Amino acid sequence: RMKIRDKILVQKYYLNVFNGIFLALGLMLLTFGLWLFFDRNNLFSVLFSSGENQLVAYISCMLLGIGSVITFTSAVGFLGSVKEIKCLLVTYMIFQILVFVTQMGISVVIFIKKAEVHNQWNNRIDEVISEYGNESLAEQEPVWNILSAVQQNMECCGRYNVTQWKRNKNKENSTQIPCSCTKSSLKKWFCDVPRNSMYSMGCEEYLNTWFENNVLILTAITISLLITQIFLIKLAAQLFRNIRKNNIWPNE
């Protein structure tokens, strides 16, 4: 029969291993949140930040909050297990349960709001297309450059197809299309080009794939965190129990 002291050593080892995995996943969320918060010239910001719609700001703050709590919780768990401090282990378990419940709640909200987010996304793309090339909105140029890069790299034009650019009123004439909708290397917003040299396919399918891939990565991280937390809560509870037993019967 394994002695309590030996059980404690084994449990401390596994707790710290899983805690390290938990910390690494938390740092991934924290890094992603920092990227969204400080780099406002990324595709996420273009799609989800407009006027009163500051979804990117909410998402970045949420990820920063969860990532920071995970980092703090991991430090508490590591210190509590190494030093065998019971109150820190209890604090660690409480934080783990709170983070677990929060993540579950956020996952449910994201699932419920998925259609609404998709509609906001489409509306934002249409808004950018309407404003594209407007000389009185020079501060929007970084956003237009991102849209141009998407169209050029993915060889697509507009959200659903090239005809969507007819609604843009910033062209010199109605037949012009964005230079990024062609293989042109001209450094200006709109070009006069033959119809057979433009990209006819819309960018929506490509953007959906890109978005789904990023959501899939975040979902995988979240699921991994939830599974890891189950093991951590169980291990921390067992370690707490055995430390208390060892204090009562140190020679057992």
Side-chain angles (χ1 to χ4, degrees), residues 31-60 63 110-111 113-219:
T31 303
F32 195 75
L34 287 170
W35 171 62
L36 288 179
F37 189 79
F38 288 107
D39 182 10
R40 292 308 171 93
N41 292 325
N42 60 71
L43 191 52
F44 268 111
S45 294
V46 171
L47 295 177
F48 296 117
S49 292
S50 171
E52 295 180 358
N53 175 24
Q54 294 297 321
L55 188 58
V56 165
Y58 299 143
I59 292 173
S60 61
L63 292 176
I110 289 173
F111 181 78
K113 296 286 187 179
K114 190 175 181 181
E116 183 181 330
V117 168
H118 195 265
N119 288 334
Q120 287 182 4
W121 178 1
N122 287 338
N123 292 338
R124 177 55 178 155
I125 296 173
D126 294 345
E127 182 184 320
V128 173
I129 288 173
S130 297
E131 296 173 346
Y132 188 91
N134 188 335
E135 293 181 0
S136 63
L137 297 172
E139 72 278 2
Q140 293 295 315
E141 283 193 19
V143 173
W144 304 337
N145 286 329
I146 291 173
L147 178 59
S148 295
V150 169
Q151 292 186 139
Q152 204 153 39
N153 294 333
M154 295 180 175
E155 297 188 353
C156 57
C157 192
R159 180 166 63 84
Y160 45 86
N161 58 44
V162 66
T163 61
Q164 189 175 16
W165 284 99
K166 289 181 179 179
R167 70 177 63 186
N168 184 288
K169 306 300 182 184
N170 305 309
K171 300 175 289 185
E172 292 178 6
N173 60 70
S174 59
T175 60
Q176 285 187 325
I177 62 168
C179 298
S180 57
C181 284
T182 71
K183 294 187 183 295
S184 172
S185 59
L186 292 174
K187 301 298 181 183
K188 58 180 184 175
W189 299 120
F190 296 103
C191 292
D192 292 293
V193 293
R195 193 165 184 81
N196 60 3
S197 67
M198 65 182 70
Y199 305 135
S200 58
M201 187 175 293
C203 300
E204 188 168 24
E205 184 179 342
Y206 298 106
L207 289 171
N208 282 338
T209 301
W210 171 85
F211 181 72
E212 291 295 336
N213 287 340
N214 279 276
V215 169
L216 190 63
I217 291 169
L218 280 176
T219 302

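Just so you know, these numbers come straight off a predicted model, no measurement behind them.
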Could you pull out the closest heavy-atom pair between [X] and [Y], with the gap in Å?
| X | Y | result |
| --- | --- | --- |
| Ser148 | Tyr132 | OG-OH, 2.6 Å |
| Phe190 | Asn170 | CE1-O, 3.9 Å |
| Lys171 | Lys166 | NZ-CA, 3.8 Å |
| Arg167 | Ser130 | CD-OG, 3.7 Å |

Do [X] and [Y] touch side chain to side chain, with heavy atoms closer than 4.5 Å?
| X | Y | result |
| --- | --- | --- |
| Tyr199 | Ser180 | no |
| Trp189 | Pro178 | no |
| Trp144 | Asn134 | yes |

query: When rounded to the nearest 0.5 angstrom, what is the spacing between CD in Gln176 and SG in Cys181?
result: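 Gln176 atom CD to Cys181 atom SG measures 12.0 Å (nearest 0.5 Å).
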
query: In Å and rounded to the nearest 0.5 Å, what is the OG1 to CD distance from Thr182 to Gln152?
result: 7.0 Å

Candidate list Asp126, Val128, Leu147, test side-chain contact (heavy atoms from CB on, under 4.5 Å), partner Arg159, passing option: Asp126

query: Cys156-Cys203 sulfur separation below 2.5 Å?
result: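 Between Cys203 and Cys156 there is a disulfide, given that their SG atoms are under 2.5 Å apart.
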
